[in-house]
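Contents: one structure, followed by commentary.
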Amino acid sequence: MAETALTALVTGASRGIGRAAAIHLASLGYTVGINYAGHKEEAESVCREIERQGGASVLMQGDVSCSSDVARIYQSVKEQWGHIDVLVNNAGITRDALLIRMKEEDWNTVIRTNLTGAFLMLQGASVLMMKQRHGCIVNITSVVGLTGNVGQVNYAAAKAGLIGMTKTAAKELAGRGIRVNAVAPGFIQTSMTQAIPDKIREGMISSIPMKHMGTPENVADAVCFLVSEQASYITGQVLQVDGGMVM
Ligand code: NAP
């Protein structure tokens, strides 16, 4: 098997931030694994866009919260690429409700996808990267993991957990040449934030010093910086991309 040059796996790459990160990494010469759980057509359109721009990608379907799916994804990484340079742990969902109304199922679903899923993907990548003695991992957390947020006890707990996971993994893996960082987006224009009612959206935007939402590309730029040579002495950090929303 001929080894692919530079490889990056992006979870939840069928739309939003993951899509932008995948397209951006492909433009830098990475062959990108486009992971998604359910929306195959959207994921295929990301592959087509990468191809249109002259890049290379591979669909890697799988639910990150399911350990057998994660094992299958890394089996295909090993078979198709032989190594992995970058993991972007981006897949995430919301199931919002006030604390006293939150159903245990919604708590579990968000923790399983946003935190356990990221852990399973991180663990799988670490095994390969430790053998290679190099690699970069970027976990997409959120500013609400730093501040908390009304109606998001499950989501904020998962995102805070990702920060602890990032710092721990950074300490454990630094000696093997692996850097682990997190990006904490603020309020970004994606399908996740589209459902927010206009009035609440306006209130949130007015609380941002830069007075506008961020784009998925703003977050992708931060991911690409953290995996670049320019960030070669940066590990265990949380880089906020939030227009000054939290400081
Ligand atoms: P989005 O538009 O809803 O996209 C979410 C992506 O995750 C989709 O590609 C979805 O793919 C995938 N996904 C969901 N569950 C999955 C699973 N179990 N296994 C694999 N893939 C799964 O969300 P986004 O706004 O781009 O958010 C991306 C990340 O940024 C999330 O972790 C989110 O928490 C974080 N973030 C977003 C914002 C924001 O303002 N948008 C702010 C802070 C942090 P399928 O639907 O095809 O499964």
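In each ligand, atom 1 is the first atom listed, and ligand 1 is the first ligand listed. Basis for what follows: all heavy atoms, side chains included, without hydrogens, waters or symmetry-related copies.
Counting heavy atoms closer than 4.0 Å to ligand 1, residue I188 contributes atoms from both its backbone and its side chain. Residue contacts with ligand 1 for T190 involve side-chain atoms from C-beta outward but no N, CA, C or O (heavy atoms, distance under 4.0 Å). The parts of N90 lying near ligand 1 are both backbone and side chain, judged by heavy-atom distances below 4.0 Å.
Look at K159 and you'll find a heavy atom under 4.0 Å from some atom of ligand 1. Between A13 and ligand 1 there is a heavy-atom distance shorter than 4.0 Å. Using a 4.0 angstrom heavy-atom cutoff, T11 does not count as in contact with ligand 1. Heavy atoms of A184 come nearer than 4.0 angstrom to ligand 1 in no pair at all.
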**OP:** Evaluate the criterion salt bridge (charged side-chain N to carboxylate O under 4.0 Å, His left out) for residue pair D106 and K103; output intermediate values, then yes/no.
**Re:** CA-CA 5 Å; D106 288 338; K103 296 188 174 67; 5.3 Å; no
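In terms of protein heavy-atom proximity, atom 22 (C) of ligand 1 is closest to A91 CB, 3.6 Å. Scanning all protein heavy atoms for the shortest distance to atom 19 (N) of ligand 1 gives V64 N, 3.0 Å. Among protein heavy atoms, the minimum distance from atom 5 (C) of ligand 1 is reached at G92 O, 3.7 Å.
In terms of polar-atom proximity, defined here as any N/O pair under 3.5 Å, N114 makes no such contact with ligand 1. Considering both main-chain and side-chain atoms, F187 never comes within under 3.5 Å of ligand 1 through any nitrogen or oxygen pair.
Residue E51 places its CD atom among 12 or fewer non-hydrogen atoms of other residues, nucleotides or ligands, all under 6.0 Å distant.
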